[in-house]
Structures are given as C-alpha cells and as structure tokens.
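Written below as structure tokens is the structure these notes are about.
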Amino acid sequence: MEDPAAAPGVEVERPANPAFGDFATNLAMKLARPLRRSPLDIAEALATALRTGQDAALFAAVDVARPGFLNLRVADAAYEALVAGVLAAPAQWGRIPAVKRRKINVEFVSANPTGPLTVGNARGAFVGDLLCRVLEAGGQQVTREYYFNDSGAQINHLGASVFAIRRGEPVPEDGYKGAYVEQLAREVPDDVWAAATADGAQPDAVLGGWASKRVRGMIEASLARLGVHFDVWKSEASLHDEGWVARAVQRLRDAGEVYEQDGATWFRSTAYGDDKDRVIFKSDGRPTYFAADIGYVTEKFSRGFDHLIYVWGVDHHGTVARNKNAAQAMGYNPDSYQVILIGWVRFVADGVEVSMSKRAGTFVTLDDLLDAVGTDAARWFFASRAAHVEIDFDIELARKQSAENPVYYVQYAHARIASILRKAEAAGLAPATSVAGLLAGEPEAALARTLSRLPEVVEDAVLAEETQGITAYATDLATEFHAFYRDARVLDEAEPDRSARRLALALATKTTLANALGLLGISAPESM
RNA sequence: GCGCCUGUAGCUCAGCGGAUAGAGCGUCGGCCUCCGGAGCCGAAGGUCGCAGGUUCGAAUCCUGUCGGGCGCGCCA
C-alpha cells in the first residue's frame, strides 16, 4: 500500500442511513483495483487495524458492508467530549482554521445610483454578503466593496428627468420615471436649482450629480436594513481622475497588447482566448466601461489584495474573459481574478411574470420586499439556493407565506431552548458541567450526533463558497431538537442529574443553532 | 449559429460518483392534563427531460438530443 490517501475519489462521509453508523468510507473499494484484491478483503483488514489500533477507543463499532464499505460508529465518550468543548468555547464552535489567510476584495451590488435598489438587486446583495461571511468563517480577511458610476450618460439621464419634472414637462424618452424621481424633483434645494439653471450651466449634469448623491443615500439606507455594510465605496470617476485607467492602459501597451484601429484603442483579448478584441477608448476618445474596469483592477491590487472576487449577474458573463485576460496581460495571476455569476431572478406575482424596469418605473423596491417578508426570511430564501441557478421569486407568495417561512422553524427551536433554560434557572436547575453519561438515551445520542456536524457543514460551505448546506443543516438540527423535546423530558426536579445533562445538551444545541444562523447573518431570538 | 447556465414530488428548491432520491410550501388524516402547537406523528405524490456511454455503482461524469434562461456592441 503506497499511499492510500492519494487514491482519487476516496471519501469519508455521513451515510444517509443512520443504521450504517456515523461515518462510512469507500476506501477499500477504491483500493481494490490498484491492490488487485477484493474490496471486502481490504475492508476486513482495515477494520481489524482500526479495532486494535491506538485510536480504537474512538470507535464503538467498525463494520464491513457490501460491496466494501467500511462503516464506523463513534464512541459515546467522543461525543461527550465534543459537547463539553462546545460548552467550554461556544464562540469558537463551527469556526474553521484558515489554511492560508488571504486579503480578499469582494465587490458586489455596485448598482448605479440612478434609483432605489430593487428586488432585482436583492439577490446580489444577500449572496455577496453571505459569500463574505463564509470567507470570513474560513479565516479570510475580507473587504466588502461597492463600485458606483457617478458620472456619465446614466447620471445625466437622471438629471434630465428631474429637470423635466421640475419644469412640468414630460420625462424624456430615455429618462427615468417613477415616484422616486418626482420626489427628487420636489426636493431639489434652491442653491442646486440656481446652479443648474444659471447661464451656461449644464442642468442635466448638475441635477444628475445632486440626485445621484441623494439616491446613494437611499441605497445605503436600504443596505443597512439588510445588514449589509460596505467597507469601501469606490467611484468610477476617481479611477480616471487619479490616473489608474491611464496607467493600466500603459501597462497593457508596454506588454504589446494594445493597438489603434478605426480611430479606437483596442486590447488584444484574442491573444488570451477571447472571441474578439475589445475597445478601451472609443473613436470619439471617450473610455468604455472596460477601460475603467482595468484601471480598477490595478487600483485594487495596489491596496495589497491577494484575491479579487466580483459578484455579477449572469447577464455580465460575456465580460468576464476580457477582464481576466487584461489582468493576466498586466502581469497578475488570472486565478486571482474570480467572478461569481448570480443566476437570474425571475419575478412573478401570483404566477405571472412581472418585468422590472427602473426607467419605466415598474419595479418592486428592496424596501418593499423587506416590509413584506422581513430581512431574516429574505436572507434565508437566498441563502438556501445555489448562487448560480436561475430562480423564481413570487413576491405575493412570499408575502402570504412569510408567517410560515422555514427560517422561523429554526428560530423557533432556538427560542424554545431559550425558554427552557429560563425555566430551568427559575427552578434552580443548571446545565451539567460534567457531561459523562450524557448520551444515556437514544434521544440524546441522536441530538448529539446531529449537532456534532456543524464544523464539517461549515467547511463544506467554505470550500464550495455556498450556503445552502448551512440552511439545510440548521433545519435538520431544529427537527432533531423538536424530536428530542418530544421524547426526552428536560426539566424534571425529581431527576436533577438527568435534567442537568439534558440541559447541557440543549444549551449546546442552542449554541449550534445560533452559530449556524449567525454565519448567515440571521438573528437567533431568545423569544418570538 | 456559437458560448455559458439550467431541466429532480402539484409549486419553490436541495442533493452533484456510493447503500431505500430529500426539504419547505400545498393536499389528506391524527395529536394540546405535562418544559413555547411558529410544534409533533402519519399518508398520498418522482421513468431525477430523453437516448446512448464510462463505472463494481450514475440524479451526479462523458456524448448526443429536446425544452427554458442569459450572452455574443466603439451599451452600461
């Protein structure tokens, strides 16, 4: 046996069927071919080794099953030690030691400040923040960053719309409509209006600049409601003003990957596998969005980040290659430029698709969503689905179902435990400090087995950079606790020792639920 | 046409190489003398789009095919 750990596809897993034990491994089956022995023979040999080895005390049972599984049942004492560890260091429970601590920049939302955040922005905001939390749980140092466009055509359109409404004229064809624009028009301060209408002034730009600042304030307030806090707000204009774009283009030019054609300036993206070359400066001399993007990359790396993550909607996936290629051409490791594409959210109301348009003013704002379902329920909804898949979101259904949202199931279990602990204290009962004999009964054992899974669930989330596993696990643990509650009377003054042990287990469960919810940014209420 | 994502229970979604395919909601039927009924127990409901292939083993990997979404601008 050269190096069994190096055999591909070897896994240790939790069997779906608890009758097979706590852990199972396919090691023997994977070894069968290279060793030219039958899987059952190998499994038997491994089982004997484990049963008599120095760690034999860890296992209550080591069994072999067809066609070659090795099934392990962990000894009660190991679970008892684990629960004791949870109680001794609750804040540490579920945290994963970083293999390598890196400085990571995560840019998300980055919606232009031309209108309030809509439900369309909600997914990016939640998923971006959840990603950051998962990275932090994995020991990474994370900076949350919001990139916004504070000049240019979109902002001028907004300004023109405000200008028109203020003067009682119809909103221009490519302008913005909606109650918030009318609100903005009413709130234009006298000095701003004077500056916008002075001789030689550009009303669109002046009013657009003012309005976009106001809108940014609205956006920040909405994000605060979500529990999303950004460390850095970066303006596109600053990338040009501070010379980042110019220097980045020069770097590409020095690398020989820039050329002029048809009056425009191009990046040779095809040299790195792209479908076509990409314009940096248009023939009228103005920069494309891509120009700002490459300047931004150099600006971010100049701040010492080891890794950049961009959370974008799938509709931007066509721009990934050019940006990654430019990063590589400028000398950065392309693997340190990572894009996570968020699947489309199809909004439906009572089964009928509704289109969202900021310009047409037909959209549901993020604040409306939160008013309807609450931040915990909204967070749970997005956390429980893979980031890259397209999903349907029926806001009417969400509204109706908000009272029976699965998040409350988990929170209820937490609140129920809190209530039991309060009652125990009033009765003079306290959780046991010694956990010997904790797994005396099957209800206890089942609950201990489930709560012990938290670290591996978190590790899986960290590796996958996804959170569905955490919501699923929290639901499992809540279910397991409700079963325990049904089958095992916790508070019983006639059985103080047993009560103390069960209280200890309940407290460890409460900690586990709170840590799982905390990782998702969801509250764990003491009562509800 | 090409590229990427996607098709799993009535609905919304997990599972993504292992041993009887899961959850929530919905439907039907039970459970409040006792630690919170926002709970518990049970039932119905699936050819994992389809067809080949790889493997001891495929919802999971490969190929093809059909359906849905997104992208393929000197737009942002």
Side-chain angles (χ1 to χ4, degrees), chain A residues 8-9 11 13 15-17 19-20 24-26 29-30 32-33 38-39 65-69 71 112 114 149 152-154 236 261-266 274-293 313-321 341-344 346 348 351 380-381 384-386 388-394 397-398 400-401 403-413 415-424 427 429 464 466 468-469 471-472 475-476 478-479 481-483 485-493 499 502-503 506 527-528:
Chain A
E11 283 171 2
E13 59 173 18
N17 186 340
F20 294 130
T25 178
N26 59 355
M29 288 181 284
K30 290 299 171 190
R33 186 181 290 266
S38 95
R66 290 183 175 280
F69 285 106
N71 293 332
N112 279 344
T114 53
N149 182 339
Q154 304 302 318
E236 182 190 357
Q261 185 178 304
D262 303 331
T265 302
W266 299 71
D274 202 352
D275 295 335
K276 48 192 81 166
D277 291 339
R278 306 293 176 175
V279 172
I280 302 172
F281 292 107
K282 301 184 248 186
S283 51
D284 64 4
R286 291 163 59 195
T288 61
Y289 226 67
F290 175 50
D293 285 342
V314 274
D315 51 329
H316 285 72
H317 96 254
T319 64
V320 173
L341 296 174
I342 304 284
W344 204 253
R346 185 170 163 272
V348 292
W380 182 277
F381 178 85
S384 57
R385 285 145 173 83
H388 70 281
V389 303
E390 178 186 350
I391 56 178
D392 278 10
F393 190 95
D394 190 325
L397 200 60
K400 289 172 195 158
Q401 292 182 350
E404 54 251 39
N405 188 296
V407 72
Y408 299 121
Y409 179 77
V410 176
Q411 291 181 319
Y412 180 73
R416 201 179 214 185
I417 297 171
S419 169
I420 293 170
L421 291 168
R422 283 192 297 271
K423 214 149 227 156
L429 292 166
E466 293 272 14
Q468 318 84 278
T471 56
T475 304
D476 277 355
T479 298
F481 179 76
H482 288 309
Y485 176 87
R486 180 192 68 229
D487 297 333
R489 174 92 200 171
V490 178
L491 301 181
D492 184 351
E493 292 177 49
S499 291
R502 288 180 174 172
L503 278 169
S527 65
M528 54 193 286

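The chains referred to below are lettered A, B, ... by the order of the sequence lines, with proteins before strands, and numbering in each begins at 1.
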request  = Check whether any side-chain nitrogen or oxygen of A/R346 sits under 4.0 Å from OP1 or OP2 of B/G69, and answer yes or no.
outcome  = no

ask   = A/A488 near the nucleic acid: base, sugar-phosphate alone, or nothing, with a heavy-atom cut-off under 4.0 Å?
value = base

task = Have a look at A/V490 and say if it touches a base, only the backbone sugar-phosphate, or nothing, with a 4.0 Å heavy-atom cut-off.
result = base

inquiry  = Measuring only the C1' atom in each nucleotide, how far is B/C13 from B/G53? A whole number of Å is fine.
reply    = 30 Å

query = Is B/C32 in the syn range, within 90° of 0, or in the anti range?
reply = syn

ask   = What heavy-atom pair brings A/I417 and A/A506 nearest, and what distance separates the two atoms?
value = CG2-O, 3.4 Å

request  = Determine the Euclidean distance between corresponding P atoms of B/C50 and B/U8; express it in Å to zero decimal places.
outcome  = 10 Å

request  = For A/A264, answer base if it contacts any base atom (sugar-phosphate contacts may also be present), sugar-phosphate if it contacts only those atoms, and nothing otherwise; contact means non-hydrogen atoms under 4.0 Å.
outcome  = base

inquiry  = Between B/U54 and B/C62, how many Å separate the two C1' atoms, rounded to a whole number?
reply    = 7 Å

note = When rounded to whole Å, the CD to C1' distance for the pair A/Q468 and B/C16 reads 11 Å

query = Has the side chain of A/N26 got a donor or acceptor atom sitting under 3.5 Å from an opposite partner on the base of B/G18?
reply = yes

ask   = Counting just side-chain N and O atoms, does A/K30 come under 4.0 Å of either OP1 or OP2 of B/G17?
value = no

inquiry  = I want to confirm an ordering. Mapping A/H482 and A/G469 to their closest nucleotides on RNA chain B, which one lands closer to the 5' end?
reply    = A/G469

query = Within the pair A/K282 and B/C75, is there a side-chain N or O less than 4.0 Å away from OP1 or OP2?
reply = yes

message = Could you tell me how far B/G46 sits from B/C61 if I compare only their C1' atoms? Round to whole Å.
response = 23 Å

query = Is there a donor in the side chain of A/T319 and an acceptor in the side chain of A/Y289, or the other way round, less than 3.5 Å apart?
reply = no

request  = Assess whether atom CD of A/Q261 is packed by more than 12 heavy atoms of other residues, nucleotides or ligands within 6.0 Å.
outcome  = yes

key: Donor-acceptor contact below 3.5 Å, side chain A/T475 vs main chain A/T471   = yes

message = Please report the distance separating the P of B/C56 from the corresponding atom of B/C16, rounded so that it comes out in whole Å.
response = 23 Å

inquiry  = Tell me whether A/F20 and B/A19 count as stacked here, given that the ring centres must be under 5.5 Å apart and the planes must differ by less than 30 degrees.
reply    = yes

Main-chain N/O of A/V279 paired with A/T288 side-chain donor or acceptor, under 3.5 Å = yes

request  = Calculate the interatomic distance between A/M29 atom CE and B/G57 atom C1'; express it in whole Å.
outcome  = 8 Å

request  = Ignoring hydrogens and angles, answer whether the base of B/A19 and the side-chain atoms of A/N71 contain a donor-acceptor pair closer than 3.5 Å.
outcome  = yes

task = Would you mind classifying the nucleic acid contact of A/A24 as base, sugar-phosphate or nothing, using non-hydrogen atoms under 4.0 angstrom?
result = base

ask   = Which value, rounded to the nearest 0.5 Å, describes the distance between A/I280 atom CD1 and A/F290 atom CZ?
value = 5.5 Å

request  = May I ask you to say what A/I391 touches in the nucleic acid, namely base, sugar-phosphate or nothing, with a heavy-atom cut-off under 4.0 Å?
outcome  = sugar-phosphate

query = Between B/A38, B/C40, B/A76, which nucleotide gets closest to the side-chain atoms of A/R486?
reply = B/C40

Cationic tip of A/R385 above A/F381 ring, under 6.0 Å, 45° of axis = yes

query = How far, in whole Å, is B/A21 from B/A14 if one measures between their C1' atoms?
reply = 11 Å

ask   = Within the structure shown, what part of the strands sits under 4.0 Å from A/T265 by heavy-atom distance: base, sugar-phosphate, or nothing?
value = nothing

ask   = Starting at CD of A/E390 and ending at P of B/U12, how long is that distance when rounded to a whole Å?
value = 11 Å

Atom pair distance, as rounded to whole Å: NE2 in A/H316 and C1' in B/G71 = 11 Å

query = Looking for any heavy atom pair under 4.0 Å, which part of the strands does A/A424 touch: base, sugar-phosphate only, or nothing?
reply = nothing

request  = Return yes if some donor-acceptor pair links the side-chain N/O of A/R502 with the main-chain N/O of A/R489 below 3.5 Å, else return no.
outcome  = yes

key: Side chain A/W380, main chain A/N405, donor-acceptor under 3.5 Å   = no

request  = Identify whether any heavy atom of A/N149 sits under 4.0 Å from a base atom; if not, whether one sits that close to sugar-phosphate; answer base, sugar-phosphate or nothing.
outcome  = sugar-phosphate

query = With rounding to whole Å, what would you report as the distance between B/C4 and B/G42 at their C1' atoms?
reply = 45 Å

task = Report yes or no: is there a donor-acceptor pair, N or O only, under 3.5 Å between the side chain of A/S283 and the base of B/C74?
result = yes

request  = Sticking with atom P, work out how far B/A44 lies from B/C32, rounded to a whole angstrom.
outcome  = 24 Å

query = Within the distance-only criterion (no hydrogens, no angle test), does the side chain of A/D284 pair as donor or acceptor with the backbone N or O of A/R286 below 3.5 angstrom?
reply = yes

query = Do A/E236 and A/N149 have a side chain donor and acceptor closer than 3.5 Å?
reply = yes

task = Figure out the CZ/P separation between A/R422 and B/C35, and round it to whole Å.
result = 14 Å

d(CG, A/D487; C1', B/C41) in whole Å = 11 Å

key: A/D476 CG - B/A23 P separation (whole Å)   = 9 Å

Nucleotide of B/C35, B/A14, B/A19 approaching A/V389 most closely (side-chain heavy atoms) = B/A14

key: Base-pairing string, 5' to 3', of RNA chain B - Watson-Crick or wobble, under 3.5 Å, | interstrand   = (((((((..((((....[...)))).(((((.......))))).....(((((..]....))))))))))))....

note = Nearest-nucleotide check on RNA chain B, A/F381 vs A/D275; residue mapping nearer the 5' end is A/F381

query = A/T471 near the nucleic acid: base, sugar-phosphate alone, or nothing, with a heavy-atom cut-off under 4.0 Å?
reply = nothing

inquiry  = Stacking between A/Y485 and B/G39, defined as ring centres under 5.5 angstrom apart with planes under 30°, is that present or not?
reply    = no

task = Calculate the interatomic distance between A/Y289 atom OH and B/A76 atom P; express it in whole Å.
result = 8 Å

query = Any donor-acceptor pair under 3.5 Å joining the side chain of A/H317 to the base of B/G3?
reply = yes

